[in-house]
Amino acid sequence: MIAITREVSPTLAACQLTHVERAPIDVARAGAQHDDYRAALASLGCRVVTLAAEPDFPDAVFVEDVAVVVDEVAVMTRPGAPSRRAEGARVADALSPFRPLLHIDAPGMLDGGDVLRIDRDVFVGRSQRSNDAGIAQLRTLLAPFGYTVHAVQTRDCLHLKSAVTQVAERTVLLQSAWVDRAAFDVYDVVEIDPGEPHAANVLRIGETLLMPSCFPRTHQRLEVAGLRVVVVDVSELQKAEGAVTCCSILFAAEQC
């Protein structure tokens, strides 16, 4: 498994925020937490590729948003925040040895954080960062490879994967206040603890889940469901409306 990551920008404190209050960010601590995050990826078997920080792009550490990688191709997105649209160039360079590159074009908007792939089903959040034109383009680009794209309405959150992520082959972790459970009714569902509204974003690597350390009650629910969980402190990155999925792009090295 390859994990594309990017070092924390020294300008992280100027990040885009939509659904969280701005708070002081300790950039040095954020960098140390990101080091620990990358170490956790490596410990779980990933070959970590680390791109240099981008001082001109405060949000660039959140590499997931600029690309969607499936087995056959990589789709370079067109992020919903105009200030982020030039972030993808170096990520495209890093992906090009592994996958042919396709692109979302204007007027389409698509953030990778809105894209949840479960086997050949691709769920895409209709959010402030991803619009119907972007979703339609992704559907057209992936259809030749046998993927079915489903638009899912989100509410009160940044991305679809703020509200739901895959935790096992046929199981999702879900925050039902932010996305309708009915959209995932063919899967088993673990509900987050209601006192931990931001806990639905976890990163599945093989049979292990990587999740923030600040959600102990949801962590316990996952373990009760028989799932293995590894935690990492990403508190400074969370102040930038980040989480564990958005700090990496994971894919199998082999091109299909």
Side-chain angles (χ1 to χ4, degrees), residues 1-17 20 23-55 57-69 84 87-88 90-91 94-95 111-117 158-162 164-167 173 192 196 198-216 218-219 222-223 227-253:
M1 184 74 71
I2 306 294
I4 304 290
T5 69
R6 178 152 45 198
E7 292 180 339
V8 173
S9 172
T11 58
L12 178 66
C15 60
Q16 292 279 332
L17 292 177
V20 301
I25 296 175
D26 184 331
V27 175
R29 187 178 180 210
Q33 290 177 351
H34 191 258
D35 290 343
D36 292 342
Y37 170 83
R38 287 185 284 118
L41 295 179
S43 74
L44 295 173
C46 294
R47 176 155 66 90
V48 179
V49 176
T50 302
L51 306 180
E54 295 268 15
F57 301 114
D59 297 276
V61 66
F62 305 127
V63 290
E64 176 188 49
D65 289 325
V66 301
V68 174
V69 182
R84 300 196 62 192
E87 289 180 20
R90 291 198 174 102
V91 176
L95 289 172
D111 271 18
D114 274 318
V115 180
L116 173 63
R117 174 192 167 193
L158 182 62
H159 289 133
L160 179 65
K161 279 190 279 197
S162 305
V164 58
T165 49
Q166 183 183 20
V167 294
L173 176 65
I192 63 154
E196 298 173 343
H198 293 273
N201 186 274
V202 303
L203 182 61
R204 183 178 182 229
I205 303 172
E207 299 305 313
T208 301
L209 305 175
L210 185 65
M211 75 177 296
S213 57
C214 57
F215 303 125
T218 301
H219 178 173
L222 292 168
E223 290 192 331
L227 301 167
R228 178 175 181 255
V229 179
V230 171
V231 299
V232 63
D233 181 4
V234 289
S235 56
E236 295 302 307
L237 296 166
Q238 288 173 303
K239 293 178 184 178
E241 214 161 4
V244 291
T245 65
C246 58
C247 290
S248 58
I249 303 170
L250 297 184
F251 57 91

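Side chains included, hydrogens not; waters and symmetry mates left out as well; all remaining heavy atoms used.
Distance alone, capped at 3.5 Å, is enough to place a donor-acceptor pair between the Gln33 side chain and the Ser235 backbone. Judged by distance alone, with hydrogens and angles left aside, the side-chain atoms of Lys239 form a donor-acceptor pair with the main-chain N or O of Pro24 at under 3.5 Å. Asp65 places no side-chain N or O within 3.5 Å of a backbone atom of Cys246 that could act as its donor or acceptor partner. Here the side chain of Arg204 pairs no donor or acceptor atom with the backbone of Gln166 at under 3.5 angstrom. With hydrogens and angles disregarded, no donor-acceptor distance shorter than 3.5 Å links the side chain of Ser9 to the backbone of Ala53.
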Stepwise side-chain contact (heavy atoms from CB on, under 4.5 Å) check, Val234 with Asp36: CA-CA 9 Å; Val234 289; Asp36 292 342; over 6 Å; no
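Between Glu7 and Thr50 there is a side-chain heavy-atom pair separated by less than 4.5 Å. Taking 4.5 Å as the limit, some side-chain heavy atom of Phe251 sits within range of a side-chain heavy atom of Leu95. For the pair Leu203/Tyr37, a side-chain contact is recorded, criterion being any heavy-atom separation below 4.5 Å from C-beta on. Residues Thr245 and His159 form no side-chain contact, since every pair of their non-hydrogen atoms from C-beta on lies 4.5 Å or further apart. For the pair Glu241/Gln16, no side-chain contact is recorded, criterion being any heavy-atom separation below 4.5 Å from C-beta on. At a threshold of 4.5 Å between non-hydrogen side-chain atoms, the residues Leu158 and Val20 do not count as touching. Proximity of Cys15 to Ile25: side-chain heavy atoms (C-beta onward) are separated by under 4.5 Å at one or more points. The shortest distance between side-chain heavy atoms of Thr5 and Ser248 falls below 4.5 Å.
Considering Leu173, Thr218, Val230 as possible partners of Val202, the one that fulfils the side-chain contact (heavy atoms from CB on, under 4.5 Å) test is Leu173. The only option from Leu222, Val244, Thr165, Val231 that meets the side-chain contact (heavy atoms from CB on, under 4.5 Å) definition with Leu209 turns out to be Leu222.
Remark: Ile4 CD1 to Leu250 CG distance equals 9.5 Å, nearest 0.5 Å.
Under the 4.0 Å criterion applied to side-chain N and carboxylate O atoms, Arg90 and Glu87 are not assigned as salt-bridge partners.
Annotation: salt bridge (Lys or Arg N to Asp or Glu O under 4.0 Å) contacts of Arg29 (sequence neighbours excluded): Asp233, Glu236.
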